[in-house]
Amino acid sequence: MIAAPEIQADFSLLQDFLTRRSDDISVDGGGTTPLAPSDFTCTSLLPSTNCARPLDPSLHDMGPLSCNAGPRETDTHFSSDTDFDDSEGKIPKQGKGKKGKKGAAERNKGAPLRGGGGPNWMNGHHQQNGVENMMLFEVVKMGKSAMQSVVDDWIEAYKHNKDVALLDLINFFIQCSGCKGVVSGEMFRHMQNSEIIRRMTEEFDEDSGDYPLTMAGPQWKKFKFSFCEFIGVLVRQCQYSIIYDEYMMDTVISLLTGLSDSQVRAFRHTSTLAAMKLMTALVNVALNLSINMDNTQRQYEAERNKMIGKRANDRLELLLQKRKELQENQDEIENMMNAIFKGVFVHRYRDAIAEIRAICIEEIGVWMKMYSDAFLNDSYLKYVGWTMHDKQGEVRLKCLTALQGLYYNRELNSKLELFTSRFKDRIVSMTLDKEYDVAVQAIKLLTLVLQSSDEVLTAEDCENVYHLVYSAHRPVAVAAGEFLYKKLFSCREPEDDGILKRRGRLSPNANLVKTLVFFFLESELHEHAAYLVDSMWDCATELLKDWECMNSLLLDDPLNGEEALTDRQESALIEIMLCTIRQAAECHPPVGRGTGKRVLTAKEKKAQLDDKTRLTELFAVSLPQLLAKYSVDAEKVTNLLLLPQYFDLEIYTTGRLEKHLEALLRQIRSIVEKHTDTDVLEACSKTYHALCNEEFTIFNRVDIAKSQLIDELADKFNRLLEDFLQEEEEPDEDDAYQVLSTLKRITAFHNAHDLSRWDLFSSNYKLLKTGIENGDMPEQIVIHALQCTHYVILWQLAKISETGSTKEELITLKRQMRVFCQICQHYLTNVHTAVKEQAFTILCDVLMIFSHQIVAGGRDMLEPLVYSPDSSLQSELLSFILDHVFIDQDDDNSSTDGQQDDEASKIEALHKRRNLLAAFCKLIVYNVVEMNTAADIFKQYMRYYNDYGDIIKETMSKTRQIDKIQCAKTLILSLQQLFNEMIQEHSYNFDRSSPTFSGIKELARRFALTFGLDQLKTREAIAMLHKDGIEFAFKEPSPQGEVHPPLNMAFLDILSEFSSKLLRQDKKTVYSYLEKFMTFQMSLRREDVWLPLMSYRNSLLAGGDDDTMSVMSGMSGRGSSVRSKKTKPATGKRKIPEAEESSSSDSMWLNREQTMTTPVMMQTPQLTSTIMREPKRLRPEESYMPVYPMQPEHHQPPIDYNTQVTWMLAQRQQEEVARQQQERAAMNYVKLRSNLQQAIRRNPGLMEDDEEPIVEDVMMSSEGRIEDLNEGMDFDTMDIDLPPSKNRRERTELKPDYFDPASIMDESVLGVSMF
């Protein structure tokens, strides 16, 4: 650092003095006696200062505060704080020595401290137009005044009376924290910061945990902005004089440092934000000083290099004096920043509150970006690097956004090399962060790193980001798509503007399209092209919309020396092209990447219309050519046939493209005749449906072509079917293939078109009936015949619902539907699994459609069509589920035919079984089948939890909403069925500790959990469940007489799992019902075989009597809250009805016997760090509700109400005695505490209640805090040393590596790992 020799000498003496003082006050357990708090004042430490009140002792551990320089003025800059001549002598002059030190306090002696002020201040209140308004906090909160004028008024008041203005500023910070207390003038003159903060803590509102920075609403959001703006404007307006007066800044920094060390969250949060914003403003001042010093130095050297005759010595002296003043100002700014950085940032960036940590990281990012020469080095980057491991997403997010601002400026890349090498792996791993916002910003940061240097990220690092383009979360995928585009597609060949733009295969995008295809194939996620396109849509729109280039790559021959696309690459290109056309035409992301269709803006709608016009003009001509080229390739043709769905069909007429339409229709007809693949045929059907739009003039032409095709198919099917069914001998494979291929074509078209006029029901009915009679019908023919018949019935129902119907049409549809259901029921027993699955699925759909729901919505005319399955059909459906769904994975060979054992086939088979189960559960939920059939489903809940647990649980929830009692009876029925199955397998002499019985008990426990916590809602259902369970347990008496338990007695052990869900009064009712089945001999039995009865009785008796204890347990539950007010004693008799007692008090009854013997655990008293409390004076609302030791309850006669009240008052007296004992113990604990770091914060009221074990030191006292920390940690916290002027700066090597966490954290001291 360049400075005048005399300044360097003064600064060295000051540093030496402070170093010796720091050694004197170190507390090491012996030797030197620690100084008293009164010794830590500006008056005793720095005799030359003019501070009027002692500084907080914590400031002296943060580095030297400059106190040897008076106010300065610049010769060119003036602000509202600039000291002009005071002709009247109203503005007191600053003095030296002790007189100058006392001047600030003695000036106002004999006058009220709140009196005086500037022209816009009166009694410490802000003035406008001579009218008293409000204090500074209220002015900033209202936000109606310009912040510049508010600060200027305060500065004028500060010049007139420093103490009054400063007192208002202190109260401003106190009130911004949500504290209702006010610092008085007496407190300001005679109390230290720690004492003031303690007093304000006692004035804090304990009933609410909210304070201005956390309050919701637009006013408080604006307040936070105004709060930060006020601090910035204050420093900016005071930067030329007041901040160097060694009074205002010292007091503010001391106050904020003390508040930031408070255990009160509001104080800590608000003061940290203020300190960080203050630091940011000071960094800006330091930057301006650095610029002025550089300019002054350059002017000085330019003047000195002149010839002696032309050199102006007086100007040289003036520039030298100006440089000296700037250097002194910079030194003081350094001291202030050191005080804030070491006193606030170093401790609060590890605070227990995530918001506070986030504030620190956000601001240090601003410092490094604003003044990179001073702050962008490893000493400060390490804090950001460590905090990237924070467990709270918002803190990690601030780290990434801070780094983005640095990496965006490429001039700073050289200073980030070491940081990048050390923390690159962490940034890459954060792309998979559980918080999506963090993952997005991590990817964006890597994109900036990629732009800064291509060599930093390895191929493995890039691949970790590439696969995120397929993420279901769109912001993550879009960020990854931008990264992919920057890495692989940003380099294109330069174009010559003088040459016409090349198109097709010659365009610059041709190689990029090929690169996209290669990437898509290498990713091996060929079913997710739509997600890849959507990910890159925002950043590579021009590339993805270059359909002319894609079309040319598919149709044109390759150029000389160019390698042609392979068949696999062509398929991938067609799929990508289809996805880009869909994205352009629909303007919304694919399924799973959005909450729904958003409303398009006018600009987006215009772009959508332009894209549809452009793609229609292109592919209306080229699509017939593409279909002709790839007509035999089913995969390519399927995707190409979907393109007309996104056409603007009006262009066929306006663009005179009818001949291309005819070519397209010919190609579609040819494809229908060539292919039998279901996907291809359905694509042709959808294309006809898209083209057959009555709004356009091409409708008639397309409809005629479609009708001709279906006429031919229907005639051919009837002719082939007649020959196929009349043959006496078994039909050959060729005839069966012809029938199947024609039937598949008709079925595919019937899916999207109404073919009722071709009367396909009769043909299919004959085919299906023959298959039932002969049993030798080919499997695929039956499957497609069932599907086609299903479509016939659905189209007829749709026609009747829309246009109305005659009675004959209703009768015909009803007859056809019932006949078809009978056919499907017959095919449930078919030998082919695929046929049975098809029949089951269609049957479930038909039963659902024609259930009682069909008449909903005013469709009463369809009531004759309602069809309810009989018991035999319900039984067959349930049997199918049990035989084909609840099977082991290895036993399911239906979909794999015993040939495919790969993982994909197993997943597909599981997906099919889940669909079958969901179809049947839908019938249960909508009350199409009896609810008790669900018992066979519910009993599989535990065994098949991984495969079907979500479906079964949702079915339970829906059935409970329909009928709680019937659902409960179904649950107990499922447990009874499992119990009977166990009896059949192991007989009645089973072991109740066996896995089978334990599994049934666990299932009962899971069932009990599904009833939730609201016992009143499920009261009747639980009671009915117990009733059925008791009846089942005593249903089968022992053939050996009453001396032996009933055969199902062990079921009571299972039933006891539901006892906790009974209300207290219901337990008595259930117990009375149990006694009806018990004999006198049973109640006396104590053998092991009677244990289920005894345990069940005990579960009903637990908390079943003693109303007095119920009242007291309720009172204890209400009094356990720390925030609750002091409970008032009962003043009159009050009866508590049993039915009105809350479930919370009932739940406490269940554990009454355990809690009555719990020993008293004394809570750890609350500690604060900054506030050195006097002996604790606990208020009633701050005390803890103790747990009283009580003797086990004996059976006693009922106690009357007067006895209850007497007993309660006696307990109150015991409570007061116990509270006094706790107070004494708390005071002793405060005096004898040995390790402040291990104090535990439990009180959720005034103090913090954060339970997460996070590295923080809010429990530590301010005295000796840094010394205590540094004993166990090597923070290596360097003093802020602003760089020398740029023209004197020399290149230096990187400083030592500060990124090793081992040098920062000592686990033995902190006792917990960092984040």
Side-chain angles (χ1 to χ4, degrees), residues 79-81 108 112-185 187-188 196 200 203-205 210-239 242-243 247-249 251-253 255-256 259 266-267 269-278 280-281:
S79 177
S80 58
D81 68 316
N108 303 304
L113 189 56
R114 287 192 173 272
N120 291 331
W121 290 75
M122 180 178 294
N123 295 328
H125 289 217
H126 186 261
Q127 299 286 315
Q128 284 187 350
N129 300 324
V131 179
E132 180 179 352
N133 286 336
M134 54 197 74
M135 297 184 70
L136 185 58
F137 167 72
E138 298 294 337
V139 175
V140 175
K141 186 180 76 170
M142 295 297 293
K144 295 182 179 180
S145 303
M147 203 57 64
Q148 180 85 24
S149 61
V150 173
V151 172
D152 288 344
D153 290 343
W154 184 89
I155 291 175
E156 290 300 323
Y158 183 81
K159 292 179 179 179
H160 187 80
N161 192 321
K162 290 187 177 182
D163 287 340
V164 172
L166 198 55
L167 180 62
D168 195 67
L169 185 61
I170 291 174
N171 280 311
F172 169 72
F173 290 116
I174 296 296
Q175 293 169 355
C176 287
S177 302
C179 180
K180 296 181 179 179
V182 177
V183 180
S184 64
M187 295 168 59
F188 181 70
I196 293 175
M200 292 301 102
E203 297 292 334
F204 215 92
D205 181 13
D210 293 332
Y211 50 95
L213 292 185
T214 60
M215 288 182 181
Q219 178 188 7
W220 296 111
K221 289 183 179 179
K222 184 179 179 181
F223 167 77
K224 182 177 180 180
F225 173 79
S226 301
F227 176 73
C228 299
E229 183 187 10
F230 172 80
I231 296 174
V233 174
L234 178 64
V235 175
R236 187 178 72 235
Q237 294 299 102
C238 299
Q239 64 177 317
I242 293 182
I243 61 174
Y247 183 48
M248 189 269 281
M249 290 300 294
T251 305
V252 171
I253 293 175
L255 174 71
L256 295 179
L259 288 173
F267 280 151
H269 186 184
T270 307
S271 61
T272 301
L273 176 62
M276 293 299 99
K277 292 299 179 180
L278 183 65
T280 302

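Within the model, atoms OG1 of Thr251 and CG of Leu166 stand 5.0 Å from one another, a figure rounded to the nearest 0.5 Å. The SG atom of Cys176 sits 11.0 Å away from atom CG of Leu259, with the distance rounded to the nearest 0.5 Å. Separation of atoms OH (Tyr247) and CG (Asp163) is listed at 3.5 Å; rounding is to 0.5 Å. Separating the CE atom in Met249 from the CG atom in Leu256 is a distance of 9.0 Å, to the nearest 0.5 Å. A distance of 9.0 Å separates CG in Leu136 from CH2 in Trp154, rounded to the nearest 0.5 Å. The line from CD1 of Ile155 to CG of Leu234 is 6.5 Å long, rounded to the nearest 0.5 Å.
Side-chain contact between Gln237 and Ile242 is absent, with no heavy-atom pair separated by less than 4.5 Å. Considering only heavy atoms from C-beta on, Leu169 stays 4.5 Å or farther from Tyr158 through its side chain. A heavy-atom distance below 4.5 Å is found between the side chains of Gln148 and Arg236. Looking at heavy atoms from C-beta onward, Thr214 lies in side-chain contact with His269 at the 4.5 angstrom threshold. By the 4.5 Å heavy-atom criterion applied to side chains, Trp220 and Phe227 are not counted as neighbours. Using a 4.5 Å heavy-atom cutoff, the side chains of Ile253 and Leu278 are in contact. Phe267 is listed as a side-chain neighbour of Ser177, based on a closest heavy-atom distance under 4.5 Å.
Qualifying side chain to side chain donor-acceptor pair (under 3.5 Å) partners for Ser226, counting only residues two or more places apart in sequence or in other chains: none. The ring-ring contact (aromatic ring centres under 6.0 Å, His included) check on Phe137 picks up Phe223, with sequence neighbours excluded. Not counting sequence neighbours, Phe173 has no partner by the ring-ring contact (aromatic ring centres under 6.0 Å, His included) test.
No donor-acceptor pair closer than 3.5 Å links the side chain of Glu156 to the backbone N or O of Asp153. Remark: side-chain polar atoms of Asn171 are not paired, donor with acceptor, to backbone N or O of Val182 under 3.5 angstrom.
Scanning all heavy atoms of the two residues, the minimum distance from Ala281 to Gly232 falls at CB-CA, 4.2 Å. Taking all atoms of both residues into account, the shortest heavy-atom contact from Val164 to Asn161 is N-OD1, 3.3 Å. When all heavy atoms of Met200 and Cys179 are compared, the closest pair comes out as O-SG, 3.2 Å. Minimum interatomic distance between Phe188 and Ile170 (heavy atoms only, all atoms of both residues): CE1-CD1, 3.2 Å.
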